[in-house]
Amino acid sequence: MDSLEKISEEVANCKKCGLCKVRLNPVVGAGSPEAKIMFVGEAPGANEDRTGVPFCGAAGGILDELLGKINIKREDVYIANILKCRPPGNRNPAKEEIKMCTPYLDRQINIIKPKVICCLGNFAASYIMEKFGLKSRIQGISRIHGSIFDYRSLFASIKIMPLYHPAAATYNINMKPVLEKDFMKLKTLLPR
Ligand code: URA
Ligand code: SF4
């Protein structure tokens, strides 16, 4: 049976793309294996690369603040990224890297079975929406942030919500209220 531990072990030894040569630590993901909400970011930054912990830098501080506003603890959600290793200089993920790495994310989703997937930024939104048959609905994050898309199959019903990447609020103060509003909407999706 697949497990989060198994994924961690495989990622730690992964050499499927060139990022394995420049990373300090892989960042597999963190949080509750029983999470109802999963956050998917883009890729580790410098702090994450140093520590192996997702969203532990400035963007992580914003994410914690946003979660706090809707009374959700970080330990109760699961946080992962499209890429598990840091692209040098935080450049955008390359197509080939995404292709090589996302099978790990797919497995994390299969194990955790979240009810809601929050996609942080364009890369996460595009990947997750395409994966769940919503390719025709993909638009830039400034157009689709805060929208809720439904994925239904015989086996699952998942709400997919694209959001601005919290890093956006670290360089544009106007983003904070926009993110806060979208998080209030996220809260309404959750059972009380
Ligand atoms: N940005 C991301 O997309 N992911 C992290 O883990 C940290 C910053
Ligand atoms: Fe492997 Fe993903 Fe790291 Fe590339 S980014 S080496 S595919 S774990």
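Both counts, for ligands and for their atoms, begin at 1 and track the order of listing.
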Nearest protein heavy atom to [atom], by residue and atom, and its distance?
| atom | answer |
| --- | --- |
| atom 3 (Fe) of ligand 2 | Cys85 SG, 2.3 Å |
| atom 2 (Fe) of ligand 2 | Cys101 SG, 2.3 Å |
| atom 4 (Fe) of ligand 2 | Cys17 SG, 2.4 Å |
| atom 4 (N) of ligand 1 | Asn81 OD1, 2.8 Å |

Please examine the side chains of [Y] and [X], heavy atoms only from C-beta on, and report whether any two atoms are closer than 4.5 Å.
| X | Y | answer |
| --- | --- | --- |
| Met129 | Ile160 | yes |
| Asp76 | Lys73 | yes |
| Pro93 | Glu42 | yes |

Region of Glu48 that comes within reach of ligand 1 [heavy atoms, distance under 4.0 Å]: side chain
Any donor-acceptor N/O pair, Asn90 side chain to Gly45 backbone, under 3.5 Å: no
Side chain to side chain contact (heavy atoms under 4.5 Å, CB included) partner of Ile128, the single match among Leu105, Thr102, Leu134: Leu105
Val27 near ligand 1 by a heavy-atom separation under 4.0 Å: no
contact_flag Ala43 ligand 1 heavy-atom lt 4.0 Å: yes
Any N, O or S atom of Cys20 closer than 2.8 Å to atom 3 (Fe) of ligand 2: no
Considering all heavy atoms, the nearest Leu179-Tyr164 contact: CD2-O, 3.4 Å
Ala43 versus Asn81, closest heavy-atom pair with distance: N-OD1, 3.6 Å
Numbered atoms of ligand 2 (with element) below 4.0 Å of Lys84, judged on heavy atoms: 8 (S)
If the cut-off is 4.0 Å to any non-hydrogen atom of [X], which atoms of ligand 1 fall inside it?
| X | answer |
| --- | --- |
| Gly41 | 3 (O) |
| Glu42 | 2 (C), 3 (O) |
| His165 | 1 (N), 2 (C), 3 (O) |

Polar contact flag for Gly45 and ligand 1 (N/O pairs, less than 3.5 Å): no
N, O or S atom of Cys14 closer to atom 1 (Fe) of ligand 2 than 2.8 Å: yes
N-O pairing of Arg107 and Asp2 below 4.0 Å: yes
Whether over 12 other heavy atoms sit under 6.0 Å from Arg91 CZ: yes
